[in-house]
Amino acid sequence: MALFFTLCCLGLSSKVLAQDTFDPLDYVEPLIGASNGGNVFPGASLPYGMAKAVADTNSGSNQGGFTLDGAAVTGFSMMHDSGTGGSPSLGNFPLFPYTNCPSSDIDQCAFPKKTRARYGGFSNGSVVAKPGMFGITLNSSIQAEMTVTQHAALFRFTFPSVGTDGQPAQPLILQDLSDLSDSRQDNGTVSVDATTGRITGSARFVSSFSAGSYVLYFCTDFKGGEILDNGIFVNSRASAGVKNLTVSRSINGYPLPGGAFVRFKSGAEPILVRTATSFISVSQSCSHAESEIPSFDFRGVSDAATAAWRAKLSPIKVSTNGINKSIVTNFYSGIYRTFINPQNYTGENPLWSSSEPYFDSFYCIWDLFRSQLPFLTIVDPTTVEQMIRSLIDTYRHVGWLPDCRMSLNKGYTQGGSNADVVLADGYLKGLNGGINWEDGYAAVVKDAEVEPFDWCCEGRGGLDSWKSLGYIPVQDFDYKGFGTMTRSISRTLEYSYNDFCIAQMAGAMGKTADQEKYIESSGNWQNLYKADQTSLWWNGTDTGFVGFFEPRFLNKTWGYQNPLNCSNLDEVSVCSLQNSGRETFESSIWEYGFFVPHDQATLLTLYGGPDAFVRRLDYLHDHNITYIGNEPAFLTVFQYHYAARPALSAKRSHFYIPQFFSTTPDGLPGNDDSGAMGSFVAFSMMGFFPNPGQNVYLITPPYFEHVNITHPLTGKTASVTNVNFDPTYSNIYIQSATLDGAPYTKSWIDHSFFTEGKQLVLTLGRNESATWGRSVADLPPSLGTYAGFNGTYSGKRMMGARGVRSGSSSGGSYKAGFGVLDGDNWKI
Ligand SMILES: *[C@@H]1O[C@H](CO)[C@@H](O)[C@H](O)[C@H]1NC(C)=O
Ligand SMILES: *[C@@H]1O[C@H](CO)[C@@H](O)[C@H](O)[C@H]1NC(C)=O
Ligand SMILES: *[C@@H]1O[C@H](CO)[C@@H](O)[C@H](O)[C@H]1NC(C)=O
Ligand SMILES: *[C@@H]1O[C@H](CO)[C@@H](O)[C@H](O)[C@H]1NC(C)=O
Ligand SMILES: *[C@@H]1O[C@H](CO)[C@@H](O)[C@H](O)[C@H]1NC(C)=O
Ligand SMILES: *[C@@H]1O[C@H](CO)[C@@H](O)[C@H](O)[C@H]1NC(C)=O
Ligand SMILES: *[C@@H]1O[C@H](CO)[C@@H](O)[C@H](O)[C@H]1NC(C)=O
Ligand SMILES: *[C@@H]1O[C@H](CO)[C@@H](O)[C@H](O)[C@H]1NC(C)=O
Ligand SMILES: *[C@@H]1O[C@H](CO)[C@@H](O)[C@H](O)[C@H]1NC(C)=O
Ligand SMILES: *[C@@H]1O[C@H](CO)[C@@H](O)[C@H](O)[C@H]1NC(C)=O
Ligand SMILES: *[C@@H]1O[C@H](CO)[C@@H](O)[C@H](O)[C@H]1NC(C)=O
Ligand SMILES: *[C@@H]1O[C@H](CO)[C@@H](O)[C@H](O)[C@H]1NC(C)=O
């Protein structure tokens, strides 16, 4: 529990933390998601750090490097992504330690990754994972610990006195020219300095979810033991007489194993290995290492990493009274994972020169726009400002905003140009921090107006049809740009929402003609709504629901996709980016049927009114059609708010947490996707869920009696208090609320809650309230007209306008405004 006292001097009033025994790091478990396809990176990183050190295993699911699924360790590397699908990313230039080579013969050490795995067994209990630090003990009794700075990692290997062959230890540490997915292209080069043992080198690798490649350089130094000899290895043979190697990619046994090694006279003292990478040059990697870790001080580096994490997590404080520790651990671990990616590669971009920040590993925005980036906008707006500057600078130099970007390359676009949502979200929530918003606006307009030749990896496809027909046709005729000709329904829905986001920016910037134009095209989703479409189960039983999105041809006749195909229950259809993929991406027509984030009012009417809408949403969840392990499901948990049933959103949130999100290594339902799942947990448990791209958070009761969130720029603390809090979660229904002491019946709140440090008090009860959030005036903003509700409709809807940030980055204040707009002007 935090204790505050007030300091008053020089007319300034500030809260100073006098004594604080609450440490959020006590509740971070980095191993959540280390098995069962979570694919998280559970190793040592700084927030957004480029250096990410961990033990890499040879699991089939090693996208994040380490796994706890019985697979053996094959190396220790320091570049990773987290939670991704695609092929395993990075994991370059792994180190591997041996107690000795049998009979002191270096040729008897097992150099290639495949063969050395036999020394990589470990017991699960030996793994220690904490923010900024990772440790493991191999069955060879070698203990490996690692910590990091921004671009460099420090490993400490502690050896047994006797080696695996029974002879006194004579440790050998190798470093090879591979990566996690064995993607090395062209030649790799490596050199070892005979005197110091410094290993340097470089190689070209393939970016994970992309067709492009990148060159990475490294620099490694040793401290601790007396060097016996050093040299290079190729395949299974090595020599201390050769210090430099250029190894080809090869066609067989690709890529050829090759690297360098350093051998030590004894294992009496721990051997420290400092390694850094750079996308610029070997010398830049060496200077990162020398400047960031000058003295090989393991304790000092790891303490600094711990402190950086504590500083990032401390703005959020919850009361832990009466609740199971695993609930708190779930929460802070989710928050922790939102800070791993994107990665700050500022100063490390060889592709263009610019004074703007450069962030990489937006992997992918289709996953991140929904809640991960909005979460960071609350707790770390300064960094999101830098990320947005980086996105805009990428547009300047590459031509379009990315949808996915990793390891210096454009990744594949999954649906719409969803960076538009990220920019609108940041703009409406008042982010500034040196962002050139005119350029940002030009970037989103280019998405809407200019089709790239290769829309595989940026922008949108099918723009001629989009403009002439008002939808993306199935089997489109597009001779101007090229991409996978699938996903016509989900692309239409996402492009519609992207246009709404552009319209909101246009409106807030005073570009009225653009605003009207993009409001108009944001209604294109309706062109794929087939009012008489039914949905039957595989066995012929009718679900009873009528009216679904369906594909449409160029000649405006309807195609057909079973609304249940690509759902969680369809184990046959191909639904990702394959050429044989379907008209919805990684999700069913049923689930995409709710993806109209800007016009729930019209959607409700199409679905037969609020009660029918609720029945359909219940059916989606109760019949496992949706799958909470993929991001399109997130918003559907909370969309009951739009039907004036916020209690059902709260109930649904508790249906999924903790049953589908728990604190064990197998505790995630799907890929964490750079912290997307983590942010879903964090927002749900904090009691707000964003409708991303809008200045709107849907309110549900937090999972804690109290939550305090201090805004890092304004210094003000927003708080939520649950009156009648029940740690067994029977009382999860809001009966009434006050905001800054005044009654508050709206079921949503805007971003000024966080910037201005408002106080929300929720009174909870065991049953759904008949009044709170139940009348039309309480509903979240929407285009269209809410109809069919009990109670009257005022004829006016509110559209979130821009929050304005003023003042310096160390202080200043925010003013979030709301413009009341006449509903009729917003009709589609
Ligand atoms: C380690 O844990 C994973 C899952 O958590 C399990 O699959 C594996 O079998 C465990 N290994 C051992 C040796 O217990
Ligand atoms: C490593 O040791 C653990 C615990 O003793 C054992 O379960 C596991 O099988 C060993 N792994 C290998 C590859 O020897
Ligand atoms: C690889 O190295 C060889 C030998 O130095 C050289 O002939 C060849 O051009 C190199 N290939 C590339 C792609 O750099
Ligand atoms: C080996 O590599 C180092 C570092 O790149 C270089 O300085 C040295 O000249 C090379 N030696 C030979 C024999 O090529
Ligand atoms: C939130 O802040 C208030 C006011 O400073 C304080 O009284 C309360 O203890 C804090 N709650 C938590 C959970 O830290
Ligand atoms: C706390 O939660 C964990 C995980 O759900 C459960 O195993 C444990 O029994 C709970 N402890 C108590 C005291 O309820
Ligand atoms: C990103 O890195 C640059 C260069 O090191 C630094 O100036 C900037 O503050 C970093 N951004 C964050 C959010 O740490
Ligand atoms: C058909 O399948 C659905 C969904 O699994 C199920 O609810 C229904 O009971 C089945 N009907 C028959 C007649 O088996
Ligand atoms: C419309 O196009 C589809 C797909 O090419 C075709 O099957 C259908 O016969 C066409 N219908 C008409 C009326 O032209
Ligand atoms: C739709 O899903 C069902 C159930 O998995 C499957 O049998 C059917 O082949 C799928 N249809 C298509 C066109 O993929
Ligand atoms: C939904 O899936 C869960 C877990 O996969 C299973 O326990 C449950 O029985 C399923 N429910 C239905 C209605 O199929
Ligand atoms: C409207 O009132 C009826 C009867 O009280 C109730 O069943 C229904 O759920 C209410 N609808 C909404 C949206 O509140």
Side-chain angles (χ1 to χ4, degrees), residues 26-29 31-33 35-36 38 177 183-191 201-206 212-217 232 234 242-251 254-259 281-282 318-334 350 534-545 548 562-573 588-591 615-616 618-627 653-669 681 684-685 703-705 725-730:
D26 291 344
Y27 300 96
V28 175
E29 172 50 271
L31 292 168
I32 295 172
S35 69
N36 193 34
L177 295 170
S183 77
R184 196 182 76 230
Q185 309 287 300
D186 305 342
N187 295 342
T189 65
V190 65
S191 304
S202 68
R204 178 179 294 279
F205 303 95
V206 173
S213 67
Y214 62 95
V215 175
L216 190 67
Y217 304 87
I232 60 96
V234 188
V242 183
K243 308 296 183 190
N244 292 15
L245 168 72
T246 293
V247 59
S248 109
R249 171 177 182 272
S250 180
I251 51 165
Y254 154 85
L256 273 179
S281 64
V282 163
V318 297
S319 61
T320 57
N321 291 345
I323 54 176
N324 191 323
K325 187 180 178 189
S326 74
I327 300 279
V328 190
T329 300
N330 217 348
F331 179 65
Y332 280 104
S333 303
T534 56
S535 168
L536 309 185
W537 282 103
W538 328 125
N539 61 14
T541 300
D542 196 335
T543 60
F545 294 89
F548 289 89
N562 183 330
L564 287 162
N565 277 133
C566 298
S567 72
N568 190 34
L569 298 166
D570 174 5
E571 288 169 3
V572 174
S573 302
S588 60
I589 288 174
W590 258 89
E591 184 162 84
R615 277 197 301 278
R616 193 184 281 235
D618 276 342
Y619 199 90
L620 174 84
H621 291 286
D622 290 338
H623 288 77
N624 283 350
I625 298 169
T626 189
Y627 168 53
S653 156
H654 285 275
F655 172 83
Y656 285 116
I657 302 171
Q659 195 192 334
F660 291 81
F661 297 87
S662 62
T663 54
T664 51
D666 61 359
L668 294 185
V681 171
S684 303
M685 297 183 86
Y703 285 49
F704 312 97
E705 188 167 13
F725 177 71
D726 158 27
T728 67
Y729 303 118
S730 295

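Remember, it's 1-based here, ligands and their atoms both numbered in the order they're listed. Quick caveat, the model's predicted, so the values are computed rather than measured.
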Any non-hydrogen protein atom less than 4.0 Å away from [atom]:
atom                    : value
atom 2 (O) of ligand 3  : yes
atom 14 (O) of ligand 8 : yes
atom 9 (O) of ligand 8  : no

Before signing off on this row, confirm whether Asn539 and ligand 8 have an N or O atom pair separated by under 3.5 Å.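 Yes, at least one N or O pair falls under 3.5 Å.
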Min N/O separation Thr541 to ligand 8 under 3.5 Å: yes
Is there side-chain contact between [X] and [Y], with at least one heavy-atom pair below 4.5 Å?
X      : Y      : result
Ile32  : Leu668 : yes
Val681 : Phe331 : no
Gln185 : Tyr254 : yes
Leu620 : Glu591 : yes
Asp26  : Tyr332 : no

Using heavy-atom distances, let me know which of Thr664, Thr663, Asn324 sits nearest atom 6 (C) of ligand 6.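 It is Asn324 that holds the nearest heavy atom.
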What's the verdict on ring pair (Phe, Tyr, Trp, His ring centres under 6.0 Å) for Tyr619 and Phe545, showing C-alpha distance, side-chain angles and the deciding distance? CA-CA 10 Å; Tyr619 199 90; Phe545 294 89; 5.2 Å; yes
Return the residue, atom name and 0.1 Å-rounded distance of the protein heavy atom closest to atom 4 (C) of ligand 8. Trp537 CD2, 3.4 Å
Is there at least one pair of N or O atoms, one from Asn187 and one from ligand 3, spaced under 3.5 Å apart? yes
Mark the output for Ser326 as yes if a heavy-atom distance to ligand 6 is under 4.0 Å, and as no if none is. yes
Is the Tyr656-Phe661 ring centre distance short of 6.0 angstrom?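 Here the rings of Phe661 and Tyr656 have centres that are no less than 6.0 Å from each other.
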